[in-house]
Amino acid sequence: MARVLLFGRLSDVAGWRERIIDPAPASLFALRDLIGAEDPALAEALGAKGVQAAVDRVIVRGDAPLGAGAEVAFMPPMSGG
Amino acid sequence: MARVLLFGRLSDVAGWRERIIDPAPASLFALRDLIGAEDPALAEALGAKGVQAAVDRVIVRGDAPLGAGAEVAFMPPMSGG
Amino acid sequence: MIRLQQDPFEPGALLTGFSAGRSETGAVVSFTGLARASGGGVERLVLEAYPGFTEAQIGRIAEAARARFSLQDLMIVHRVGEIAPGEAIVFVATAAVHRREAFEAADHLMDYLKSQAPFWKKERGPDGERWIEPTARDISDAARWEQERGEAP
Amino acid sequence: MIRLQQDPFEPGALLTGFSAGRSETGAVVSFTGLARASGGGVERLVLEAYPGFTEAQIGRIAEAARARFSLQDLMIVHRVGEIAPGEAIVFVATAAVHRREAFEAADHLMDYLKSQAPFWKKERGPDGERWIEPTARDISDAARWEQERGEAP
């Protein structure tokens, strides 16, 4: 099981903000491909420049394994202040 | 007649803050020499690095003529804030 | 002190609290970011955060500033949710013995908050909604601090 | 707004007034200079001004900042007379559309107030009185702005 969170414009594109994927794929890239497979617009948005992923609240560059109950967040470029 | 103002440590050295000199000398340097002539410690302090003069509230570099009723200020290095 | 909040806050009241009782501080710098109406084009700014992660990342940004500058104290308050034009979005304050450190630390904090704190912002106006992404200048402003240390740009 | 005053002032109250009703301002930066006790070595700071001339010179410093940076507004409040440790000596605030201008203008104002505004300051403590002159850093800080424009250092 993995909990997936979308932020910023990604949740607008997908039409959802949070989702449980069960069973969870073994890796971040496999998870990204899975949620993108059923939604080409989301797949494109997830692949856009500057989109980052965090696994269990740690920013990850490249692929990463997903543990049991992982929290995976996809985040467009950040813009505070 | 000229009104002479001393600021900061200059007034501590001289023991006065404001003085009317009448008749006034014709120039700033002549005025400075006049008030320094009777007080060698003040003469030295007026010649110290960074001491500036203003005539009628305009900073003057070098000598300057003094008009009737001039206000002459001698100012050590400024330090606001 | 680091805080995220939904409710509006008053920057002056925060500065009053931050400056009080500082008999060994020489310099306090504050930055307040305000929501702009853009001539009526923006009715609300909507700020989204990643609860838990956002606070932790701001904590890391604060630690980096503390490690780099001689600070006595710092404060960061950031709004989330809906913000009306003229309301404060973010308040940062720094306290130091001398002014250069206080200025640079506040500047540094803002540059990183702008480009590396997990917030996503959209403008809502008469013509609908629009996501705001960091500008090229936001990115180059944060990069200044890396270059100054001789790191790769 | 430029003001010299004998009475203590509260920096937060000034920031509240300065930030209010700004629906087209993106950034407000404030600087507050506080009197330091220096571990008990300073009981009072005594600030002397040249009435009339000091206000005029601060006005020139403000005009230079307005000419150089895209500012919407600025405020300078400076104490004169006796100042206790922990009390504010000076408050500067700047308002701009973007933060870089607000930061740089506040920094610039303070550099010039430190070295070119007609104030003279002494510390009074248990060991007597001592005049404070601008430090080498105060002078080099103000010189930064000349060098950046390619003028003689």
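A, B, ... follow the sequence lines: proteins, then strands. Residue 1 opens every chain. Bear in mind that the values here come from a model prediction, so they are computed numbers and not experimental data.
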| message | For chain C, which candidate among D:Gly17, D:Ser30, D:Ala35 shows the most heavy-atom pairs at distances under 4.5 Å? | response | D:Ser30

| Tell me, side chain or backbone of C:Ala88 under 4.5 Å from chain D's heavy atoms, or both, or neither? | neither

| note | Max heavy-atom pairs within cutoff under 4.5 Å with chain C, candidates D:Gly12, D:Gly21, D:Ala93, goes to D:Gly12

| said: Heavy-atom pairs under 4.5 Å with chain D - which of C:Met110, C:Arg36, C:Lys114 has more of them than the others? | reply: C:Arg36

| said: Please identify, among C:Gly86, C:Pro85, C:Pro11, C:Ala37, the residue contributing the most non-hydrogen atom pairs under 4.5 Å to chain D. | reply: C:Ala37

| message | Contact between D:His108 and D:Ile61 at the side-chain level, heavy atoms closer than 4.5 Å - yes or no? | response | no

| query | Are D:Arg99 and C:Asp107 ion-paired here, with the side-chain N under 4.0 Å from a carboxylate O? | reply | no

| request: Check the angle between the aromatic planes of C:Phe91 and C:Phe9 and answer parallel, tilted or perpendicular using the 30° and 60° thresholds. | output: perpendicular

| said: Out of D:His98, D:Glu87, D:Glu101, return the one with the most heavy atom pairs under 4.5 angstrom to chain C. | reply: D:Glu101

| request: Can you tell which part of C:Ala13 gets under 4.5 Å to a heavy atom of chain D, answering side chain, backbone, both or neither? | output: backbone

| note | Turns out that what part of C:Phe18 lies under 4.5 Å from chain D's heavy atoms comes down to neither

| said: With a 4.5 angstrom heavy-atom cut-off, is it the side chain or the backbone of C:Glu24 that approaches chain D, or both, or neither? | reply: both

| Tell me, side chain or backbone of C:Val90 under 4.5 Å from chain D's heavy atoms, or both, or neither? | neither

| task | Just give me the residue among D:Ala27, D:Gly33, D:Gly26 that pairs up with chain C most often, heavy atom to heavy atom, under 4.5 Å. | result | D:Gly26

| Residue part contacting chain C, namely of D:Asp111, when any heavy atom lies under 4.5 Å | both

